[in-house]
K.L.:
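Sharing a structure here in structure tokens format.
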Amino acid sequence: LQKLPQVPSNTSNVVLLCYDTCMFISQGDPLVKPNTFIADSGASTHMVHSKQFLSDFQPEIGDVKIGDNKNIKSLGKGTFHGYYINSEDRQVPVTLQDVLLVPDLWVNLFSVTKAMENNKSKIICENDIITVQAKNSEQVKFDKVLPHGDGKILATEFYTTTACAN
């Protein structure tokens, strides 16, 4: 398992993920479920490991470069329609567009970079929580701390409203 570089203390707790990291976290870790999304500042777009999360799926084979400079295949892209359950047990709608299907990922990736594109969302990082605030003031919190080596990876769960894609 490769060690990730240290993150300076004045930055958020988001780390660049590598394939080995995803495997390490998912094997035997009860905090990681099929609908777990990790906040990833290094991902250029959102990615899921299962086609069942996507609607409007468009097949298109491509390569995705991961943290250890290896390439893994993406099989296409689609739209994720779902929700997040906030601390008041209220469903907050979540729509992610141009989400890549990358079956070799062990977890789903939420691209912090993509969320900030075109000022779509405000990102707040404090106290081991990453809050994504949309223009409509709805918030999603990545507040599940997954220990990893000397650092942490922040995650949350999104639930899909998309029926299984064909």
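Excluded from the calculations below are hydrogen atoms, water molecules and symmetry mates; all remaining heavy atoms, backbone and side chain alike, are included.
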K.L.:
Could you name each residue pair satisfying ring pair (Phe, Tyr, Trp, His ring centres under 6.0 Å) that touches residues 118-144, not counting sequence neighbours?
P.N.:
F110-F142
K.L.:
Roughly how far, to the nearest 0.5 Å, is the CD1 atom of I123 from the OG1 atom of T131?
P.N.:
9.0 Å
K.L.:
Working to the nearest 0.5 angstrom, can you tell me the gap between L105 CG and L100 CG?
P.N.:
9.5 Å
K.L.:
With sequence neighbours excluded, give me every salt bridge (Lys or Arg N to Asp or Glu O under 4.0 Å) pair touching residues 53-64.
P.N.:
D63-K73
K.L.:
Under a 3.5 Å distance rule, please check whether D40 uses its side chain to pair with a backbone N or O of L109 as donor and acceptor.
P.N.:
no
K.L.:
Ignoring hydrogens, what is the shortest heavy-atom contact between A134 and S121? Give both atom names and the distance.
P.N.:
CA-OG, 4.3 Å
K.L.:
Ignoring hydrogens and angles, tell me if any N or O in the side chain of D143 forms a donor-acceptor pair with the backbone of T156 under 3.5 Å.
P.N.:
no
K.L.:
Would you say H49's side chain and P34's backbone share a donor-acceptor pair under 3.5 angstrom?
P.N.:
yes
K.L.:
How long is the straight-line distance from CD of Q97 back to NZ of K77, given to the nearest 0.5 Å?
P.N.:
10.5 Å
K.L.:
Between CD of Q58 and OG1 of T79, what distance do you get to the nearest 0.5 Å?
P.N.:
8.0 Å
K.L.:
Report yes or no: does T113 contribute a side-chain atom to a donor-acceptor pair with the main-chain N or O of S41 at less than 3.5 Å?
P.N.:
yes
K.L.:
Got a sec, which residues hit salt bridge (Lys or Arg N to Asp or Glu O under 4.0 Å) with K120, two or more places apart in sequence or on another chain?
P.N.:
none
K.L.:
For K114, check salt bridge (Lys or Arg N to Asp or Glu O under 4.0 Å) against everything at least two apart and list the hits.
P.N.:
E117
K.L.:
Can you tell if the side chain of N71 reaches within under 4.5 Å of the side chain of V64, non-hydrogen atoms only?
P.N.:
no
K.L.:
Is any side-chain heavy atom of E157 closer than 4.5 Å to a side-chain heavy atom of K144?
P.N.:
yes
K.L.:
Contact between T45 and V99 at the side-chain level, heavy atoms closer than 4.5 Å - yes or no?
P.N.:
no
K.L.:
Are the side chains of L101 and L54 in contact, using a 4.5 Å heavy-atom criterion?
P.N.:
yes
K.L.:
Backbone N or O of G82 within a donor-acceptor pair of the T160 side chain at under 3.5 Å?
P.N.:
no
K.L.:
Check whether any side-chain N or O of N127 sits under 3.5 Å from a backbone N or O of I129 as a donor-acceptor pair, and report yes or no.
P.N.:
no
K.L.:
Please tell me whether F37 and Y84 form a close aromatic pair, meaning their ring centres lie under 6.0 Å apart.
P.N.:
no
K.L.:
Any sub-3.5 Å donor-acceptor pair from S74's side-chain atoms to V102's backbone N or O?
P.N.:
no
K.L.:
Counting C-beta onward and ignoring hydrogens, is there a side-chain heavy-atom pair between V140 and V94 closer than 4.5 Å?
P.N.:
yes
K.L.:
In Å and rounded to the nearest 0.5 Å, what is the NE2 to CG distance from H46 to L96?
P.N.:
4.5 Å
K.L.:
Taking all heavy atoms of L154 and all of D128, pick out the closest pair and write down the distance.
P.N.:
CD2-O, 3.3 Å
K.L.:
Does any pair with a residue in residues 78-95 pass salt bridge (Lys or Arg N to Asp or Glu O under 4.0 Å), and if so which ones, sequence neighbours excluded?
P.N.:
R90-E138
K.L.:
Distance check, rounded to the nearest 0.5 Å: F80 atom CZ versus Q52 atom CD?
P.N.:
10.0 Å
K.L.:
Would you name the heavy atoms of S111 and A43 that are closest together and state the gap between them?
P.N.:
OG-O, 2.6 Å
K.L.:
I124 and Q133: which non-hydrogen atoms are nearest, and at how many Å?
P.N.:
CD1-OE1, 4.1 Å
K.L.:
Running the 4.5 Å side-chain criterion over Ile, Leu, Val, Met, Phe, Trp and Tyr, what cluster does Y83 land in, apart from itself?
P.N.:
I85, Y159
